[in-house]
Amino acid sequence: MKIYAIGAFLLSMVCADLTAQTLKSPDGKFEMNFQLKQGVPYYNLKYNGNVVVEDSKLGLRLFKDISLKFAPEITKTEEAKIDLNSGFTKTDEKRDSKNESWQPVLGEKKNYINHYNELAVTLNQASTERNIVLKFRLFNDGLGFRYEFPQQKNLNYFIIREEDSEIDLPSDMKAWWIVADYDSQEYQYQETKISEIHDRWDKAFDKHSSQTLIKNAIQAPVLLKKEGKNPLYINIAEAAVLDYPAAHLEVDINNFKFKTHLTPDKQGAKGYIQTASASPWRTIIVSPKAEEVLDSKMLFNLNEPTKYTDTSYIHPTKYMGVWWEMIIGKSQWAYSTAENIHIGQTDFSKLTPNGKHAANNTKVKEYIDFAAENGFDGLLIEGWNIGWEDWIGHHKEFVFDFITPYPDFDIKMLNEYAHSKGIKLIMHHETSASATNYERWADKAFQLMNKYGYDAVKTGYVGDMVPRGEHHYSQWSINHYYRIAEKANEYKIMVNSHESVRPGGESRTYPNWISAEAARGTEHEAFQGNNPDHQTILPFTRWIGGSMDYTPGIFQTKLDYYFPGDKRFVKTTLAKQLALYVVMYMPLQMAADLPENYKKHMDAFQFIKDVAADWDDTKILSAEPGDYIITARKAKGTENWFVGGITDENKREYTVDFSFLNKGQKYEATIYEDGKDADYIDNPQSYNIYKKQITSKSKINFKMVRSGGFAISVKPVD
């Protein structure tokens with residue numbers, strides 16, 4: 001009798017352990033199931049009854065000792081006593097839901113809808129008397145989940161050795177991916193099956209971009225496609241990466257499984273945690289339509305509303321820059337050819353100028369004049385400050401002071417001249433990845449900006465991070481980027497970061513961090529080049545969590561124009577460059593080419609002048625990753641619409657249906673399209689412009705040439 005009772009008790013415990021907690025999306029199409037299997041947490045995800053994610057483990061591995069005397073080897077017995085991945089029982093579960101509309105300070109739509117159902121499961125690890133909470137939010141476009149660590153007696157400070165969140169897929173899907181790197185995202189996208197990632201991996205990077213590669217791992221966000229009769233698109237990413245390292249994805253090519261791989265610091269630790277705290281959200285966006293993936297705002301919804309009391313200074317900005325001519329090698333950032341520069345000691349007024357310094361008074365005034373004549377808001381000037389002679393290729397900490405201009409850059413005069421023309425100069429702070437030095441100078445640098453009326457700064461982090469041994473995406477560096485954003489907010493300054501961590505919707509919380517590079521942008525067209533399909537993939541991956549400063553608008557795509565015999569070229573037509581202003585959301589919007597090149601094509605340049613940088617509505621008309629994207633956007637506060645379409649290396653036809661326009665209203669459409677003889681290699685500057693009156697019943701067919709496109713400006717007719 002006693003034996004039977006004990007057996008019944010154990011059986012009841014096993015049954016309880018296997019009982020799943022089910023969560024459904026508000027529209028009922030998604031179902032997430034969570035359960036413990038012998039004390040190990042698992043989840044799965046279904047869409048319309050079909051498995052999207054198979055049973056996948058959750059958990060974290062911790063270091064044995066927070067004194068940082070990390071044991072290189074930990075036995076299985078020790079793991080059971082240390083890690084947060086097994087030995088759990090469920091002690092509580094809470095459910096919640098929310099359906100709200102909120103307005104981004106800058107965004108692709110006037111209102112974002114945040115509608116989800118939530119399940120929070122409290123787990124107790126009896127052997128250590130520690131508790132964690134696994135929180136799941138199920139939206140109508142997918143799933144977000146994270147770990148929460150409540151304040152408690154036996155879990156106060158701890159160090160993460162690795163997070164082992166898995167995403168186990170049921171089949172071998174097509175994937176659009178880039179190699180994983182602790183310090184760079186500037187790679188060409190690859191298109192392979194999951195099972196082929198390891199075979200392609202060694203050929204998927206170039207030396208110009210690579211810094212600290214992670215063998216056979218890829219970066220998030222990654223886009224997947226289940227092909228066949230009922231296709232399904234899946235985006236895997238992360239949101240709200242705060243006080244935590246950025247994650248990469250280890251690839252199990254045999255089981256079609258991804259597992260998180262966090263960015264370490266110099267000691268190998270992944271995260272230093274003090275409770276109460278939470279991990280970033282792991283996100284899985286799912287849809288049978290590629291267009292709906294592009295339209296998802298899940299990552300933004302998983303971030304907290306801003307605590308800023310004043311966001312009135314944050315505004316969309318269209319700008320030009322003294323920049324592209326240095327990228328292509330026509331000019332230089334440095335003032336002289338001197339070596340062994342010491343900030344605070346070297347007298348730059350006594351150095352011999354190299355004759356190629358771009359940030360000089362005469363040239364800057366010429367840029368100001370052109371930008372003002374054509375209705376731009378700002379002008380970025382790189383190379384204005386001392387130190388560029390010796391800024392990279394070393395581990396020097398004190399590289400720039402961010403406040404001292406070169407002898408040929410009169411900061412007071414140029415700002416007064418710019419303001420008289422209605423232009424604000426945009427500050428440039430290249431840190432050479434010496435983040436500690438930047439933090440020391442940040443107040444003085446921002447005070448200088450306030451003094452001269454700058455309201456935006458482009459920051460840069462080229463090189464190895466200082467503190468030495470940190471990575472661009474480690475926990476310390478992540479915290480640095482937000483410290484700079486918060487400091488900039490104190491001075492009412494907007495931030496556009498380059499070489500920083502990719503965004504995961506954090507602009508909801510830090511709306512003055514209005515843009516970032518964090519991917520392979522236009523500058524690489526002058527280095528190793530970008531493939532023609534590059535711009536058709538980025539919106540599905542890098543853009544899913546926030547704006548990118550892609551710097552489009554290159555009209556003179558062949559660089560042999562400047563350097564006879566030079567084989568470098570931008571792999572698009574001119575019309576495709578125009579379309580990028582609509583396809584790519586950029587509230588900080590650059591016209592990157594030289595004024596001399598725009599003067600030759602002022603009829604096409606008119607579209608860049610007209611196109612908006614912030615929007616009340618966005619409609620993804622048609623899209624297929626790696627092939628094409630057609631997007632329509634309604635300008636903020638107006639009835640003006642803009643449409644852009646781009647294609648990869650293949651010619652395509654597309655008919656724009658204008659049924660999204662107001663019924664009964666007449667519009668004038670100005671069309672910018674590839675010329676009949678256009679080709680991104682042979683004749684990239686061939687385009688055609690014409691006007692046509694349209695209504696919501698109108699349809700216009702476009703023939704896009706190889707790596708070509710079209711752009712349309714649509715305005716109501718009174």
Side-chain angles (χ1 to χ4, degrees), residues 101 103-113 289-297 300 314-319 375 377 507 514-515 535-536 538-540 542-553 575-591 604 606-624 628-647 654-662 665 667-673 694-696 698-700 702 704 709-716:
S101 174
Q103 294 189 346
V105 177
L106 301 174
E108 297 182 80
K109 297 183 178 183
K110 185 175 183 179
N111 298 294
Y112 288 177
I113 304 301
K289 297 181 180 180
E291 296 84 358
E292 291 180 351
V293 173
L294 288 180
D295 204 36
S296 174
K297 297 296 175 284
F300 301 91
I314 302 169
H315 57 86
T317 300
K318 298 177 71 171
Y319 75 106
D377 306 307
S507 61
I514 65 172
S515 196
Q535 302 91 350
T536 70
L538 277 173
F540 285 98
R542 161 61 183 81
W543 244 279
I544 210 74
S547 168
M548 179 182 174
D549 187 23
Y550 190 76
T551 63
K576 184 175 180 179
Q577 287 289 314
L578 297 180
L580 294 178
Y581 286 91
V582 184
V583 171
M584 295 175 163
Y585 171 59
M586 297 172 288
L588 185 68
Q589 190 184 89
M590 188 181 198
Q606 186 63 45
F607 183 81
I608 299 179
K609 293 168 60 175
D610 290 342
V611 69
D614 199 34
W615 310 98
D616 272 344
D617 198 7
T618 291
K619 298 184 182 298
I620 312 300
L621 302 182
S622 187
E624 179 63 25
Y628 60 88
I629 301 177
I630 318 294
T631 304
R633 301 188 193 270
K634 184 182 178 185
K636 181 77 74 176
T638 76
E639 292 299 320
N640 299 337
W641 284 83
F642 295 87
V643 184
I646 63 172
T647 185
Y654 182 78
T655 299
V656 176
D657 183 337
F658 290 92
S659 57
F660 56 84
L661 298 175
N662 292 333
Q665 173 70 55
Y667 297 84
E668 181 182 73
T670 305
I671 289 100
Y672 305 76
E673 63 182 6
I694 63 170
T695 68
S696 62
S698 299
K699 296 180 180 180
I700 301 177
F702 291 93
M704 296 180 281
F710 63 88
I712 314 171
S713 173
V714 180
K715 298 180 180 180

| said: I'd like to know if the side chain of Tyr667 pairs up with that of Glu639 as donor and acceptor (distance under 3.5 Å, no hydrogens or angles considered). | reply: no
| task | Find the distance between CD (Glu108) and CD1 (Ile620) and round it off to the nearest 0.5 Å. | result | 7.0 Å
| field | Shortest non-hydrogen contact between Met704 and Ile630, atoms and distance | value | CE-CD1, 4.2 Å
| side chain to side chain contact (heavy atoms under 4.5 Å, CB included) evaluation trace for Phe607 with Gln577 | CA-CA 11 Å; Phe607 183 81; Gln577 287 289 314; over 6 Å; no
| message | Given 3.5 Å as the limit, does a donor-acceptor pair link the side chain of Lys576 with the main chain of Thr647, or not? | response | yes
| message | Do Leu538 and Met584 have side chains that approach each other closer than 4.5 Å (heavy atoms only, starting at C-beta)? | response | yes
| Residues in side chain to side chain donor-acceptor pair (under 3.5 Å) contact with Thr317, at least two apart in sequence or another chain | His315
| Under 4.5 Å between any side-chain heavy atoms of Phe710 and Val643, yes or no? | yes
| query | For Lys609, does the NZ atom sit with more than 12 other heavy atoms under 6.0 Å from it, leaving out its own atoms? | reply | yes
| field | Met548 CE to Arg542 CZ distance, which is reported to the nearest 0.5 Å | value | 6.0 Å
| query | So, do Lys634 and Phe642 sit near enough that their side-chain heavy atoms are less than 4.5 Å apart? | reply | no
| Which pair of non-hydrogen atoms, one from Pro316 and one from Ala613, has the smallest distance, and what is that distance? | CB-CB, 3.9 Å
| query | In Å, rounded to the nearest 0.5 Å, how long is the span from NZ of Lys289 to OG of Ser622? | reply | 11.0 Å
| Considering only heavy atoms from C-beta outward, does the side chain of Phe540 approach that of Leu294 to under 4.5 Å? | yes
| message | Testing the 3.5 Å rule here: is there a donor-acceptor pair between the side chains of Tyr581 and Asp610? | response | no
| field | Salt bridge Asp616-Lys110, side-chain N to carboxylate O under 4.0 Å | value | no
| query | So do the side chains of Lys297 and Pro104 get within less than 4.5 Å of each other, counting heavy atoms only? | reply | no
| task | Side-chain contact test, heavy atoms from C-beta onward, threshold under 4.5 Å: evaluate it for Arg633 versus Trp615 and give yes or no. | result | yes
| request: Kindly determine whether Ser696 and Gln665 satisfy side chain to side chain contact (heavy atoms under 4.5 Å, CB included), including the steps that lead there. | output: CA-CA 8 Å; Ser696 62; Gln665 173 70 55; over 6 Å; no
| request: Specify the closest pair of heavy atoms between Ile646 and Val583, including all atoms of both residues, with the distance to one decimal. | output: CD1-CG1, 4.0 Å
| request: Report yes or no: does Ser698 contribute a side-chain atom to a donor-acceptor pair with the main-chain N or O of Thr695 at less than 3.5 Å? | output: yes
| task | Report the C-alpha distance between Thr631 and Tyr585 in whole Å, list the side-chain angles of each, state the deciding distance to 0.1 Å, and finish with yes or no for side chain to side chain contact (heavy atoms under 4.5 Å, CB included). | result | CA-CA 10 Å; Thr631 304; Tyr585 171 59; over 6 Å; no
| said: Show the nearest heavy-atom pair for residues Val714 and Ile712, with the distance to one decimal. | reply: CG2-CG2, 3.7 Å
| Check: Leu106 and Ile314 side chains under 4.5 Å, non-hydrogen atoms | yes
| Going from CE on Met586 to CD1 on Ile514, what distance comes out if it is rounded to the nearest 0.5 angstrom? | 12.0 Å
| request: Search all heavy atoms of Pro539 against all heavy atoms of Ile629 and return the closest pair with its distance. | output: CG-CD1, 3.6 Å
| Are any of the side-chain heavy atoms of Asp657 and Leu621 separated by less than 4.5 Å? | no
| request: Enter the distance from Tyr654:OH to Phe702:CZ here, rounded to the nearest 0.5 Å. | output: 10.5 Å
| query | Ignoring hydrogens and geometry, is there a side-chain-to-backbone donor-acceptor pair from Tyr112 to Phe300 under 3.5 Å? | reply | no
| With Tyr319, the side-chain hydrogen bond (donor to acceptor under 3.5 Å, both in side chains) member among Asp377, Asp549, Thr551 | Asp549
| message | I need the Lys109 NZ to Lys636 NZ distance, nearest 0.5 Å. | response | 12.0 Å
| message | Looking at every heavy atom in both Ile608 and Ala591, which two are closest together, and how far apart are they? | response | CG2-CB, 4.0 Å
| message | Using side chain to side chain contact (heavy atoms under 4.5 Å, CB included), reason through Tyr550 and Gln535 one step at a time and then give a plain yes or no. | response | CA-CA 10 Å; Tyr550 190 76; Gln535 302 91 350; 3.2 Å; yes
| Just checking, any donor-acceptor pair under 3.5 angstrom between side chains of Ser547 and Ser515? | yes
